[in-house]
Amino acid sequence: MTTLVTTGRVQVLGVPGDRHEEVLTPEALDFIARLDAAFAARRFDLLTERRRRSALLRGGTPLDFSRATKPIRSDPDWRVARPAPGLTDRRVEITGPPERLMAVNALGSGAQVWMADFEDATSPTWENIVQGQLTLIDAIDRRIDFTSEAGKEYRLTDRPATTMVRPRGWHLTEKHLVIDERPVPAALVDFGLYFFHCARRQIDAGSGPYFYLPKLENRYEARLWNDVFLLAQDLLDIPRGTIRATVLIETITAAFEMEEILYELREHSAGLNAGRWDYLFSLIKNFAHRPDFVLPDRSTVTMTAPFLRAYTELLVRTCHKRGAHAIGGMAAQIPGGDDGAQEAALAKVRLDKEREAEDGYDGSWVAHPGLVPVCRTAFDEVLGDRPHQLERTRDDVHVTAEELVAVRRTAGRPTPEGVRDNIAITLRYYDAWLNGQGAVALNGLMEDAATAEIARVQIWQWLKHRTVDRETVERLFEEELATLGATYPWARLDQVRDLFERTALAKELPAFFTTEAYARHLVGRPAVQA
């Protein structure tokens with residue numbers, strides 16, 4: 001790559017595109033540079049601490065609730081901020097990448113909230129990142145309506161869903177923006193561009209700058225985000241506490257610090273979310289070296305498993321104890337197919353959402369507009385006219401550290417079908433991601449990066465503990481790679497092979513496939529849609 005634009009301290013290495021200059025203004029880039037100067041070093045130190053703690057867990061150090069923060073957990077008086085405008089009733093939230101068509105459909109789906117996802121549902125090509133920011137600006141300015149080549153019209157409704165933005169996690173960088181030859185943290189790029197361009201727009205529209213924060217591992221990472229919020233608001237002369245953020249509890253270490261995370265963000269907190277699929281990924285990844293943490297086929301590990309029940313019930317109790325919303329996990333089914341298959345899929349979603357509503361959750365996620373009515377009905381039956389059920393403090397819930405990691409009680413072994421499915425899903429998702437597509441329809445589900453992460457770490461774990469033999473895995477890998485090439489002639493087979501070998505078959509287990517894939521295969525070229 002060569003430098004194409006230099007603005008102040010920031011170098012823009014990405015290839016220019018249509019309307020990019022509306023996002024990458026000198027003022028916006030200077031804003032990002034000021035955030036980077038204040039927080040990049042702390043981010044680096046926290047990632048170093050992540051690696052240190054991961055090594056301790058691999059070495060057998062047990063997880064437990066912190067003694068140092070017991071006074072925070074024991075103090076009955078503190079609460080998070082009251083719900084901000086547009087975030088009082090969150091019974092249905094729809095998620096997806098900030099692409100123009102998906103944005104129109106999500107905002108008009110009937111859901112209360114749309115989570116515009118720059119993280120797991122977006123392949124971070126430079127074009128996707130900048131166009132995603134343009135989509136958000138246009139949505140607020142009501143310039144997002146369009147007509148497709150087939151003549152179908154897509155128009156915003158009069159009462160669109162409240163927008164929340166999920167930036168990329170702390171572990172990722174944006175290599176198309178550099179300062180002193182160092183890439184800027186991707187989280188600060190996604191947050192900074194949106195906040196700079198849209199915070200005032202959202203406030204003027206009666207809403208506000210709202211966020212979902214992914215893959216936090218502890219209270220210190222939450223404190224870092226809170227400090228980012230404070231500085232950002234001060235720099236743009238926006239009152240402190242205007243920003244609101246919901247934290248996804250999707251790492252096993254964060255599950256032991258839910259109250260502490262709420263406490264760190266309390267004036268900016270909008271609650272916690274049960275990020276169930278990444279939570280499973282985190283648990284497997286952190287304990288992949290231990291034979292007592294081997295899980296069976298991922299399709300058989302349901303939310304009724306004891307260790308997952310402990311996690312989800314603790315989340316509700318924690319949130320409602322502190323006046324925070326508890327938001328349930330994703331329903332990824334895609335309505336369609338024959339009547340019997342569709343009815344079975346919808347029944348599965350209905351059962352899941354009814355369980356969440358009855359457990360005390362205030363809302364939940366869906367990935368497709370067709371699931372909005374199912375989710376709404378489940379929560380309507382419990383909430384009625386109430387916007388939430390924060391008054392249900394779930395004092396009956398008492399969860400121990402042992403219960404959160406009681407994986408050995410999840411019976412079963414991987415099946416040949418489960419092994420093949422994990423390999424096939426990983427390869428197909430890798431190819432789509434490398435082609436610039438982060439939300440992918442696979443086997444009737446709308447999948448994102450979390451699916452591939454779970455699938456590939458399970459393969460690694462099963463090989464590590466000889467639950468499946470390497471010869472079988474390699475044979476299935478070659479068969480599924482050939483099938484991918486025959487089905488999609490444009491597939492990037494060499495890159496997919498390299499990525500799978502590095503992230504699922506290597507001696508050491510990489511923390512994330514996205515960091516490997518981004519650095520080796522994605523940087524410096526535009527998205528190519530299949």
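Sequential numbering from 1 along the given sequence is applied to the chain's residues.
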**Request:** Verify the distance criterion only: is there a donor paired with an acceptor across the side chains of Ser364 and Lys353 at less than 3.5 Å?
**Result:** yes
**Prompt:** How are the rings of His171 and Phe512 set relative to one another: parallel (under 30°), tilted (30 to 60°) or perpendicular (over 60°)?
**Reply:** parallel
**Asked** Centroid-to-centroid, Tyr194 to Phe211, below 6.0 Å?
**Response** yes
**Message:** Check for me whether the distance between the ring centres of Phe191 and Trp225 falls short of 6.0 Å.
**Reply:** yes
**Request:** Could you pull out the closest heavy-atom pair between Arg219 and Glu257, with the gap in Å?
**Result:** N-OE1, 2.8 Å
**Prompt:** Is the distance between the ring centroids of Trp460 and His289 under 6.0 Å?
**Reply:** yes
**Side-chain H-bond candidate by donor/acceptor type, Thr251 with Glu217, under 3.5 Å** = no
**Asked** Between Ser54 and Arg51, is any side-chain donor less than 3.5 angstrom from a side-chain acceptor?
**Response** no
**Validation row, ring centre Trp365 to ring centre Tyr212 under 6.0 Å** = yes
**Message:** Whether Glu221 and Arg43 form a salt bridge (side-chain N of Lys/Arg under 4.0 Å from carboxylate O of Asp/Glu) is what I want to check.
**Reply:** no
**Request:** Give a yes or no on whether a salt bridge exists between Glu447 and Arg428, defined as a side-chain N under 4.0 angstrom from a carboxylate O.
**Result:** no
**Prompt:** Of the options Arg73, Lys70, Arg322, which is the one that meets Glu260 in a salt bridge (Lys or Arg N to Asp or Glu O under 4.0 Å)?
**Reply:** Arg73
**Message:** If you define the side chain from C-beta out and look only at heavy atoms, does anything of Phe118 sit under 4.5 Å from Arg166?
**Reply:** no
**Prompt:** Would Asp190 and Arg168 count as a salt bridge (charged side-chain N to carboxylate O under 4.0 Å, His left out) if you check the C-alpha gap in whole Å, the side-chain angles of each, and the deciding distance to 0.1 Å?
**Reply:** CA-CA 7 Å; Asp190 299 340; Arg168 283 168 284 178; 2.8 Å; yes
**Message:** A side-chain contact here means heavy atoms from C-beta on lying under 4.5 Å apart; do Asp352 and Arg355 qualify?
**Reply:** yes
**Request:** Can you label the angle between the His388 ring and the His325 ring as parallel, tilted or perpendicular, going by 30° and 60°?
**Result:** perpendicular
**Message:** Checking side-chain polar atoms at under 3.5 Å, does Thr377 have a donor or acceptor matched by the opposite partner on Asp380?
**Reply:** no
**Message:** With no hydrogens and no angle check, just 3.5 Å: does a side-chain donor-acceptor pair link Arg456 and Asn422?
**Reply:** no
